Amino acid sequence: MTYKYFPHTDEDLREMLTKVGAASLEDLYAELPDSVKLHRDYELPDALSEVEIRKYFQETGKKNKQLICFAGAGVYDHYTPSVIPSIVSRSEYLTSYTPYQAEISQGTLHYIFEYQSMMAELTGMDISNACMYDGTTATAEAVMMAAANAKKANKVLVSETVDKRTLTVINTYAGYQGIEIEMVDANDGATDKEQLKQKLEAGGVAGLVLQQPNRFGIVEDFEGVADACHAQKALLIINSNPADLALLKTPGDWGADIAVGEGQSLGLPMNFGGPYVGYMCCTEKLMRKMPGRIVGKTVDSNGQRAFVLTLQAREQHIRRQKATSNICSNESLMALWVTIYMSLMGKEGLKEAAQISFDGAHYLCDKLIATGKFEPVFNQLFFNEFCLRYKGDLDALLRKLEEHGILGGIKVADDIIMMAVTEKRTIEEVEQLIALCHE
């Protein structure tokens, strides 16, 4: 055997390579450009004891610079109750994969059911699936749902105010599905309603994707948008930050057909970029077009409550050509995380965290403008994230803040910074940021 823990013998490998018409393992990667291949040994230390390996990772971890975070743009530094990691680390959760066998997966099925129930209530929608990979792919899947539902229309409108990373993933999915993506311009940081109306009335539209709050942090007014979409038999898709929905109008309130987004704001640490959890909710009539799986509650032969996989429109369960999507798993461990978070916080806790974030952002924005070094970019309502134009050297300001242990925000243009405030930011941290910007 080539490697101690690999089960395949050299003979097994030769047989498999012959079957696929490859002379060697290297031939399997022949299409990869040479520039992306690693041409050196892995930088791994020799075998270490447990004490040594723990020390190694502790020292390596110290290289990460921990900053006070005023950045957002889709990932936010929210509070995580300490009990959550303890519960999620229990073996019956941490080692669970997928709940195919209901009779031995009642715990996993139960918490997914609770997750679905909470997300449906939070978004004001009828149905939630058992979560997606992340917010970007959930939005792209919603675009595919809209196109599949329309049948004769293959165009989906996307507002320019939707996050650029989400748009990139949408374009990737759409490019292989024959779906045309057409942009709707922004006006003062919000979707241009007049242009949107014209594009809908032109016909051939399967769906519309909007974001709330949008990529500039602006809370948009979607009054009448759902009616305009439905008049043209198009679906309204709203991508929302779920933490903000504790105070904002929900996608259901706006008349959305599909609600999607990134669930990281529901207590998931930033984790240097993941893992996160995408959510997808929809109206009942679209339930059978939703990708992934839905857990339902029933009773067993003894009349006792039981949880089962109710709908599974995935390739593993039905013929490939009839599958709603090729998405083949979910982020149920992360779904458990946000379920525990929402259970601990409760409705009032979610509202309080959202209100603190809102108040802090507006306080910071007003104080920065008062320094005379910043000015508003948009004349729009925002929630806990906002854009300001800086009248000096923005790169120099960001470097200065970082030297003082602060991640001051995200540079979205040469002279524009976007900042976010969450309930974790103390008044002392906010005042420190203001003082440094005023110097």
Side-chain angles (χ1 to χ4, degrees), residues 74 98 112 115-116 119-120 123 125-151 153-159 162-182 205-212 229 234-242 251-252 256-264 274-295 309-318 320-332 334-335 338:
T98 51
I112 292 177
Y115 163 85
Q116 292 172 178
M119 290 308 302
T123 58
M125 305 299 289
D126 299 329
I127 303 293
S128 168
N129 71 2
C131 66
M132 313 289 281
Y133 296 132
D134 54 29
T136 59
T137 51
T139 310
E141 292 282 350
V143 167
M144 292 171 60
M145 277 180 67
N149 182 72
K151 296 179 181 175
N154 72 332
K155 183 193 299 180
V156 174
L157 304 178
V158 180
S159 173
V162 169
D163 188 281
K164 294 297 185 183
R165 293 162 298 184
T166 302
L167 176 60
T168 300
V169 177
I170 289 173
N171 283 328
T172 300
Y173 272 58
Y176 293 96
Q177 298 292 329
I179 301 172
E180 178 187 352
I181 301 300
E182 186 172 323
V205 176
L208 165 67
V209 182
L210 301 173
Q211 184 171 321
Q212 183 78 309
C229 287
L235 299 183
L236 174 57
I237 302 163
I238 297 182
N239 178 309
S240 296
N241 182 345
D257 300 283
I258 308 172
V260 291
E262 172 55 59
Q264 181 272 332
Y276 295 153
V277 55
Y279 72 85
M280 175 181 279
C281 305
C282 69
T283 57
E284 187 174 355
K285 69 178 183 179
L286 291 172
M287 178 170 56
R288 292 186 176 275
K289 296 185 182 297
M290 180 182 278
R293 56 165 74 96
I294 296 175
V295 173
L309 288 176
T310 304
L311 289 176
Q312 307 172 78
R314 298 167 45 185
E315 287 181 345
Q316 288 97 325
H317 307 293
I318 60 178
R320 180 181 294 267
Q321 64 271 23
K322 289 186 176 292
T324 58
S325 167
N326 68 352
I327 189 166
C328 40
S329 188
N330 65 35
E331 298 289 316
S332 64
M334 299 298 99
V338 301

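Computed from a prediction, not measured in an experiment: that's the story for all the values here. Count residues from 1 along the sequence.
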Checklist entry - Listed by chain and number, what are the side chain to side chain contact (heavy atoms under 4.5 Å, CB included) partners of D126, not counting sequence neighbours? => result T283, E284
Item to check | Whether E262 side chain and V277 backbone form a donor-acceptor pair below 3.5 Å | outcome: yes
Checklist entry - Looking at side-chain heavy atoms only, is the closest gap between M287 and I294 below 4.5 Å? => result yes
Checklist entry - In Å and rounded to the nearest 0.5 Å, what is the OH to OG distance from Y279 to S240? => result 4.5 Å
Next on the checklist: For I181, is there any backbone N or O sitting under 3.5 Å from a side-chain donor or acceptor partner on N171?
Outcome noted: no
Next on the checklist: As an exercise, state the distance from OG1 of T139 to CD1 of I238, rounded to the nearest 0.5 Å.
Outcome noted: 11.5 Å
Item to check | Non-neighbouring partners of D257 that pass side chain to side chain donor-acceptor pair (under 3.5 Å), sequence neighbours left out | outcome: H230
Next on the checklist: Run the side chain to side chain contact (heavy atoms under 4.5 Å, CB included) test against S159 and tell me which residues pass, sequence neighbours left out.
Outcome noted: T161, V162, T191, L210
Checklist entry - Does D163 offer a backbone N or O that forms a donor-acceptor pair with the side chain of Q211 under 3.5 Å? => result yes
Checklist entry - Any side-chain donor paired with an acceptor under 3.5 Å for T137 and D134? => result yes
Checklist outcome for this item: One should read off an interatomic distance between M132 CE and M290 CE, to the nearest 0.5 angstrom, of 8.5 Å
Item to check | Min side-chain heavy-atom separation Y115-S128 under 4.5 Å | outcome: yes
Next on the checklist: Could you work out, with side chain to side chain contact (heavy atoms under 4.5 Å, CB included) as the rule, every residue matching E182, not counting sequence neighbours?
Outcome noted: K155, L157, E180, K199
Item to check | A142: partners by side chain to side chain contact (heavy atoms under 4.5 Å, CB included), with sequence neighbours left out | outcome: I237, I258, V260, M280
Next on the checklist: I'd like to check the side chain to side chain donor-acceptor pair (under 3.5 Å) partners of N149; sequence neighbours left out, ordered by chain and number.
Outcome noted: none
